[in-house]
Amino acid sequence: MRAPRRRLPAAAGILGVLHAASFAPWPLWWLQILSLALALRLMLTAGRESPGRAALVAFAFGLGHYVAGLCWLYISMNRYGGMPAPLAAAAVIAFSAYLALFTASAIALAHAARRTQDDQRLRAAMAWAASLASAWTLADLARGWLFTGFPWLSVGYAHVDGPLAGFAALIGVYGVGMAAVWTAALLALASMRCTRRVAQGCAGLAGATLLAALSLGALEFTEPAGPPVSVRLVQGNVPQQLKFDPQRTLAAMQSYAQRIAQSPAALTVLPETAWTAPWTSTPPAISADILAQVRGKAHAVAIGLPLIEPDASGHKITNSVILLADRPSGAGEAARYDKHHLVPFGEFVPWGFDWFVQLMRIPLGSFARGVLVQTPFAVGGQRFAVNICYEDLFGEEIVGSVREPAGATVLVNVSNIAWFGDSHALPQHREIARMRTLETGRPMLRATNTGVTASIDHRARVLAQLPPHREGVLDVTVQGMQGLTPYVRTGNLPVLLIAIGLLIASWRQARPRAAIQ
């Protein structure tokens, strides 16, 4: 791909937009590798001038990628938050620019040794590809951690349906992403003016990586546990602009109570904040109807709602899920889950950003955090570990609920992302959940307000789902799984060590010879 050097950033930005198209709702794993390979070639070309020039091209690629992939943030700020359109658009661009800095930092880090590498030898070309993959992975890990983290659109999520998904159970989504960048870097090097031996070697290594991952994907680390359990997943489809209206809240409660009364399942799951007020604020007639469905029956109901309770400072509010059952089980504690990983701006205001929140008319709260690992809900011989909305983005935290001795056999995500309308945020979130099933070897059930409500098995196959933005129920049967994948045992530590080790090793392979001509 040829482009005048002064136009490299513009070309990289266009490739970034194309790269975003490889994620859900079009999970085109091959397009992710192709667009990244072309972008890396531009970065290699820019690197002939300086590492700074390469970083600028990488920044442009990242900016195009994140603006296109996260433009749904505009909907929440403008349509539902009332922020003026120019300010909302500027906020999306500013946030995307922040994320693109990680991409630029990765390329700058890899290019630090660029001037002393000889890519005319296969060994040196491999070292260069390894340095790109490892630096990119370290940047992604940092992005997923810094300021509570935002790992949305990490490279690995484009590969849920591709051969590289075979690495997920071993080294997680970041390991899948590392393999994808390694493959793209090899293809970028193979396409440049190098010897035939180096080009063939790089292409062969890229193909071997895909084949190796494909074979690893056939491994099974978990097995069925306990009896299958019937579950009803309820999609309320309450419009976000009406969600906090008192009359609409009452109508939603009545509708949910009717869905519960009609449920033939052992467990009925309602979405995040299906109740916009604590359970104690439920009208007596509605609460009595719901409790009548669980008393003396093998029927449990999980409801997403806020909980308020006293503490040393007066009271605290948690974004929670409670389990109503005839005989709640667990370690003697109340059957509840309190959200641990809170959303910046939505559930807490980062220091110094009060001015930004004041620009929007969104009902926000300052929520308290739940503990990291909480007791799963025991229903029908299975253990259901709940996570709320954005929390399933953090695989390293999800694995804590799966580990023994009280490890979950089924994962459950309850969400309300009506804030983002009918955008690609919904299918992107579903793909994130699918990656969690590959990492943990556990099925995932999703009960959402507007979508995507779905049943996903432990191999990331979507067994059933409801159309988004329609009220309805999804009655499914879920088979719990037991056993631990390598990723559950170790989390992100192996991929972190591999990335650091490869970066050091690739730098040691640098030789003071000419770069690609």
Side-chain angles (χ1 to χ4, degrees), residues 23-24 27 140-141 144 149-162 164-177 217 220-222 231 233 269 272 321 337 339-341 343 372-374 376-377 382-403 407-415 417 425-448 452-463 465 476 478-492 494-495:
F23 291 75
D140 255 6
L141 284 164
F150 190 79
W152 204 290
L153 290 185
S154 289
V155 168
Y157 288 117
H159 293 271
V160 174
D161 293 307
L164 293 179
F167 288 121
L170 281 75
I171 48 180
V173 67
Y174 293 113
V176 175
E220 288 280 4
F221 295 97
T222 57
V231 181
L233 307 172
V269 184
E272 176 189 16
V321 176
Y337 172 81
K339 189 174 184 180
H340 166 75
H341 203 121
V343 181
L372 179 58
V373 179
Q374 301 176 48
F377 294 162
Q382 299 293 343
R383 297 185 298 275
F384 294 82
V386 175
N387 57 83
I388 299 177
C389 197
Y390 177 75
E391 286 188 306
D392 67 354
L393 199 58
F394 300 90
E396 65 277 14
E397 297 178 2
I398 296 294
V399 297
S401 65
V402 176
R403 295 181 183 131
T409 56
V410 181
L411 302 176
V412 179
N413 176 265
V414 297
S415 294
I417 54 174
L426 279 67
Q428 284 177 359
H429 200 199
R430 181 193 57 198
E431 299 313 294
I432 289 167
R434 294 179 66 202
M435 180 59 73
R436 299 290 86 83
T437 69
L438 293 174
E439 291 174 342
T440 62
R442 299 294 191 273
M444 173 84 84
L445 302 177
R446 306 190 73 240
T448 71
V452 176
T453 296
S455 173
I456 306 167
D457 75 2
H458 72 292
R459 302 289 291 181
R461 293 171 294 208
V462 179
L463 303 180
Q465 67 179 27
V476 301
V478 62
Q479 174 61 64
M481 304 295 289
Q482 64 184 358
L484 304 181
T485 65
Y487 181 73
V488 168
R489 295 179 185 276
T490 59
N492 289 332
V495 74

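Values in this document were obtained by computation on a predicted structure and should not be read as measured data.
- Residue Tyr487 holds its OH atom at 12.0 Å from CG of Leu170, rounded to the nearest 0.5 Å.
- Side chain to side chain, Arg430 and Gln465 meet the donor-acceptor criterion of an N or O pair below 3.5 Å.
- Distance check, rounded to the nearest 0.5 Å: CZ of Arg442 to CZ of Phe384 gives 12.5 Å.
- At least one donor-acceptor pair closer than 3.5 Å links the side chain of Arg446 to the backbone N or O of Val452.
- The aromatic rings of Trp152 and Phe150 sit parallel, their planes meeting at an angle under 30°, below the 60° perpendicular limit.
- Between the side chains of His340 and Glu391, no donor-acceptor pair is found at a separation under 3.5 Å.
- The shortest non-hydrogen separation linking Thr485 to Ala169 is CB-O, 3.5 Å.
- Between Lys339 and His341, the shortest heavy-atom distance links the atoms CE-O, 3.2 Å.
- With Ser455 as the fixed residue, the side-chain contact (heavy atoms from CB on, under 4.5 Å) test singles out one of Leu445, Val462, Val478: Leu445.
- One distance of note links CZ of Phe377 with CZ of Arg383; it measures 14.5 Å at 0.5 Å rounding.
- For Ser401 (side chain) and Val373 (main-chain N/O), no donor-acceptor pair under 3.5 Å exists by modelled atom type.
- With a 4.5 Å cut-off on side-chain heavy atoms, Glu272 and Thr448 do not count as touching.
- Of the residues Asn413, Val321, Val231, the one that meets the side-chain contact (heavy atoms from CB on, under 4.5 Å) test with Val269 is Val231.
- Contact annotation: the side chain of Thr222 never approaches that of Gln482 to less than 4.5 Å [non-hydrogen atoms, C-beta and beyond].
- In this structure, CG in Asp457 is found 9.0 Å from CG in Leu438, a value given to the nearest 0.5 Å.
- Looking only at atom types and distance, the side chain of His429 has a donor-acceptor partner in the side chain of Asp392 under 3.5 Å away.
- Here the CZ-CZ distance, from Arg436 to Phe394, works out to 9.5 Å after rounding to the nearest 0.5 Å.
- Judged by distance alone, the side chains of Thr409 and Gln382 do bring a donor and an acceptor atom under 3.5 Å apart.
- Between the side chain of Arg403 and the backbone N or O of Val488, at least one donor-acceptor pair lies under 3.5 Å.
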